[in-house]
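Comments concern the structure below.
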Amino acid sequence: MLIGNGGKFSPGSRYSLSSRAKRLAPSQTLALDARVKALQLSGAKVINLGLGEPDFSTPRHIQKAAIAAIEEGFTHYTETAGIVDLRKAIAQKLWRENRIRYRPNEIAVGVGTKQILYHAFQALCNRGDKVLIPTPTWTTYVEQVRLSGATPVFIPLAPPFKLRAADVEKKISRRIKVLLLNSPANPTGAVIEKSELQKIGRLARAKGFFVVSDEIYEKLLYKGRHCSLASFGPDVRAQTLTVNGFSKAYAMTGWRIGYAAGPEWIIRAIVALQSQTTSNAPSVAQKAALDALLGSQEPLCRMFREFKARRKFLVNALSRINGIFLTPPEGAFYCFVDVRRLFHGKLRTSAEWCAQLLREKNVAVVPGEAFLAPGYVRVSFAASLQELRSAVKRISDFAHGS
Ligand code: PLP
């Protein structure tokens with residue numbers, strides 16, 4: 001649903017919203033979350049599998065670092081790009097884990113990955129430019145690209161939703177300015193094969209487009225090792241913005257810390273935009289993020305083991321439901337499920353299917369429409385095994401009309 005102008009003012013009135021705001025489609029996942037919270041407040045026993053955030057608490061040592069920062073009075077504005085220690089620690093991480101060398105002045109820390117992406121598109125795109133986005137996709141990219149004045153050009157993918165260089169090549173035109181990559185992906189959990197990533201890097205060089213590579217789910221990978229596009233040599237690195245954050249890996253969604261690493265000319269633009277919008281990411285949260293990188297990684301391993309067990313359970317349990325089809329996710333914490341065979345001629349869309357599931361069985365999942373993939377639903381396994389067991393039972397009853 002678009003914002004519209006609320007119907008309050010006549011078109012052309014000086015009191016109407018901008019056309020930019022009117023065209024904006026608010027986040028459907030956040031809207032679903034608000035609806036679930038309202039239902040839960042009214043006493044309904046809703047199992048929420050719509051969540052895009054780990055259900056774990058932020059590890060204790062990270063919390064303690066934030067408390068220490070407050071007690072030490074580290075509560076003022078910081079450098080716009082983020083504190084130097086954090087940017088140094090991110091640079092070390094990117095070299096150690098991703099084999100990409102960045103200097104601290106090639107890194108910008110922002111208020112969550114979402115804000116970093118918003119500024120990246122603002123920094124890169126002009127009206128008339130085109131941005132390639134593989135679908136299914138997290139629609140924040142689509143709205144942010146539109147807000148920058150550019151036009152999204154979609155690359156529709158079929159299961160198993162793994163982007164190949166040939167898919168990109170088919171869509172290349174003169175106006176393509178940016179390719180958006182998200183591997184592992186939200187909502188499909190698909191991972192781009194290393195060999196394809198390498199070819200995409202070569203294509204970017206040959207055709208001269210820029211790549212924004214959102215790698216926020218890199219730590220949640222159930223098969224193989226994560227591979228960063230920018231690690232394929234200096235030429236590819238020069239045309240890539242590597243984007244990441246602390247929300248998913250460290251269960252830090254509320255702290256709002258994300259970052260971008262890339263050539264200095266684009267980082268400078270992102271920092272300039274930040275200087276006129278948010279000033280800096282919260283000082284205390286930056287200290288917490290620093291501790292996340294420098295402190296023990298054991299809590300992260302524990303969370304990963306738990307996600308792995310839940311994934312195994314959910315993939316098996318959902319696959320056993322007659323009429324449900326899914327490709328096991330290779331990364332992230334979502335199963336992306338084809339429910340079209342469960343419409344039984346009565347329902348027309350996955351949005352209707354999800355609404356009915358919520359109404360009748362108190363289970364919240366996100367309709368594929370929220371990811372430009374009607375007919376599918378996204379089932380998050382950022383919930384306990386016990387909740388997943390009950391939810392699957394309810395979904396199965398719903399599917400079989402009992
Ligand atoms: N990128 C992807 C693919 C996501 O799924 C999300 C959140 O759902 C984000 C970025 C935003 O993360 P952050 O909390 O750092 O803004």
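Order of appearance sets the numbers: ligands from 1, and atoms from 1 within every ligand.
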Residue list, side chain to side chain contact (heavy atoms under 4.5 Å, CB included) with Gln144, at least two apart or on another chain |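 With neighbours one apart ignored, the set is Lys114, Leu117, Tyr118, Phe121, Thr140.
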
Side chain to side chain contact (heavy atoms under 4.5 Å, CB included) against Leu203, all qualifying residues, sequence neighbours excluded |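 Side chain to side chain contact (heavy atoms under 4.5 Å, CB included) list for Leu203, sorted by chain: Val168, Glu169, Lys207, Phe209.
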
With no hydrogens and no angle check, do the side chains of Glu53 and Ser247 hold a donor and an acceptor under 3.5 Å apart?
->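 No pair is found: no donor N or O on one side chain lies under 3.5 Å from an acceptor on the other.
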
His119 and Thr278: side-chain donor and acceptor closer than 3.5 Å?
->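 Short answer, no.
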
All N/O donor-acceptor pairs, side-chain side in residues 325-340, below 3.5 Å, sequence neighbours left out:
| residue | atom | partner | partner atom | Å |
| --- | --- | --- | --- | --- |
| Glu330 | OE1 | Lys162 | NZ | 2.8 |
| Glu330 | OE2 | Lys162 | NZ | 3.2 |
| Glu330 | OE2 | Lys223 | NZ | 3.3 |
| Tyr334 | OH | Tyr217 | OH | 2.6 |
| Asp338 | OD1 | Arg340 | N | 3.0 |
| Asp338 | OD1 | Arg340 | NE | 3.1 |
| Asp338 | OD2 | Arg340 | NH2 | 2.8 |

Could you give the distance from CZ (Phe398) to CG (Leu357), rounded to the nearest 0.5 Å?
->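 The distance works out to 5.0 Å.
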
Let me know which protein residues bring a heavy atom to under 4.0 Å of ligand 1; chain then number is fine for ordering.
->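 Close residues (ligand 1, cut-off 4.0 Å): Gly112, Thr113, Lys114, Trp138, Tyr141, Asn182, Asn186, Asp214, Ile216, Tyr217, Ser247, Lys248, Arg256.
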
